[in-house]
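Since the structure comes first, as structure tokens, the remarks are kept for the end.
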Amino acid sequence: MKKRICGILAVLMLTVLAGGALAEQKVMLPDSRMSVTLPDELEYDGPGTTAGDDADFAYVSPELGLEVWFLHYDSQGVTLEKLAEALQENYDRVVITRIGGTELLKYETTDPGDIFGEEMKCIGYVVMDGKQIQELVFWYANQRAADLTAEIISTITDKD
């Protein structure tokens, strides 16, 4: 009987662990070998289609209160240091940091929104990727989503 219970528990544990592994998705940055890992609750939303949204693609979850925009540009010789200087005037807390061995520029801002009182907060990360600039923009509506942005960006890697 004990062997049977142990066997059932082992199967249950494997099922739970496999389910946890399926709860994430690896997303490649545009035209890059870099990637981040997103929770499955975020769904692909395609490229930006509205004014001010020129994202290559986005992942969104109204339930989580989170949108993640993926953008990339030609660097045109710009460095993170020069970019940080340029962003200081219009963004809050512009810093260059290192996450998991990757140097990133981090900035924060608040968008007052189209409707009075509906503001969205934003944390953006910029990374140099060869001759490209990769940008991940996190729009979040609550503290849980803000905390999730830190978890997501901590998964950035240029390894398979």
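Residue numbers run from 1 in the order of the sequence given.
Note: the hydrophobic cluster containing Ile96 does not contain Leu104 (ILVMFWY, side chain heavy atoms under 4.5 Å, direct or indirect links). No single ILVMFWY cluster, assembled from side-chain heavy atoms under 4.5 Å apart, contains both Val27 and Trp69. Linking ILVMFWY residues whenever their side-chain heavy atoms come closer than 4.5 Å, directly or via other members, leaves Tyr125 and Leu71 in distinct clusters. Val60 and Phe70 fall into different hydrophobic clusters, defined by Ile, Leu, Val, Met, Phe, Trp and Tyr side-chain heavy atoms under 4.5 Å apart, directly or through other members. In the hydrophobic clustering of ILVMFWY residues, with side-chain heavy atoms under 4.5 Å counting as a link, Ile99 and Val36 come out together.
Leu66 is listed as a side-chain neighbour of Leu148, based on a closest heavy-atom distance under 4.5 Å. Annotation: side chain of Glu24 is not in contact with side chain of Asp40 (no heavy-atom distance under 4.5 Å).
Residues Leu83 and Leu105 approach most closely at C-CD1, 4.0 Å, considering heavy atoms. The two residues Ala145 and Gly65 come nearest to each other via the heavy atoms CB-O, 3.5 Å. Taking all atoms of both residues into account, the shortest heavy-atom contact from Leu64 to Asn142 is O-ND2, 3.4 Å. Minimum interatomic distance between Met28 and Ser35 (heavy atoms only, all atoms of both residues): SD-CB, 3.6 Å. The minimum heavy-atom distance linking Tyr44 with Tyr59 is given by the pair N-CD2, 3.4 Å. Pairing each heavy atom of Gln132 with each of Asp31, the nearest pair is NE2-O, 3.0 Å.
Of the residues listed (Val68, Ile123, Val137), the one engaging Thr149 in a side-chain contact (heavy atoms from CB on, under 4.5 Å) is Ile123, and it is the only one. Each of Leu136, Thr157, Thr102 was checked for a side-chain contact (heavy atoms from CB on, under 4.5 Å) with Met34, and the lone residue meeting it is Thr102.
The 12-atom threshold is not exceeded at CD of Glu43, counting heavy atoms of other residues, nucleotides or ligands nearer than 6.0 Å. Residue Glu81 qualifies as enclosed at atom CD: its count of foreign heavy atoms under 6.0 Å is above 12. Residue Phe57 qualifies as enclosed at atom CZ: its count of foreign heavy atoms under 6.0 Å is above 12.
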Pair Tyr107-Glu135, side-chain hydrogen bond (donor to acceptor under 3.5 Å, both in side chains): steps then yes or no: CA-CA 11 Å; Tyr107 63 87; Glu135 184 175 14; 2.4 Å; yes

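The OG atom of Ser32 lies 11.0 Å from the CG atom of Asp56; values are rounded to the nearest 0.5 Å. Of the inter-residue distances, the one linking Thr110 atom OG1 with Glu108 atom CD reads 8.5 Å to the nearest 0.5 angstrom. For the atom pair CD of Gln76 and NZ of Lys82, the computed distance is 12.0 Å after rounding to the nearest 0.5 Å. Rounding to the nearest 0.5 Å gives a distance of 10.0 Å between CG of Asp92 and SG of Cys122. If you take CD1 on Ile133 and OH on Tyr73, they are separated by 8.0 Å, rounding to the nearest 0.5 Å. Between the NZ atom in Lys121 and the OH atom in Tyr140 there is a gap of 5.5 Å [rounded to 0.5 Å].
Side-chain N or O atoms of Gln25 include one that pairs as donor or acceptor with a backbone N or O of Pro39 at under 3.5 Å. For Thr155 (side chain) and Thr37 (main-chain N/O), a donor-acceptor pair under 3.5 Å exists by modelled atom type. A donor-acceptor contact shorter than 3.5 Å is absent between the side chain of Gln134 and the backbone of Leu29. Under the 3.5 Å distance criterion, the side-chain polar atoms of Ser75 are matched with a main-chain donor or acceptor of Lys131.
Remark: the His72 side chain and the Asp129 side chain contain no N/O donor-acceptor pair separated by less than 3.5 Å.
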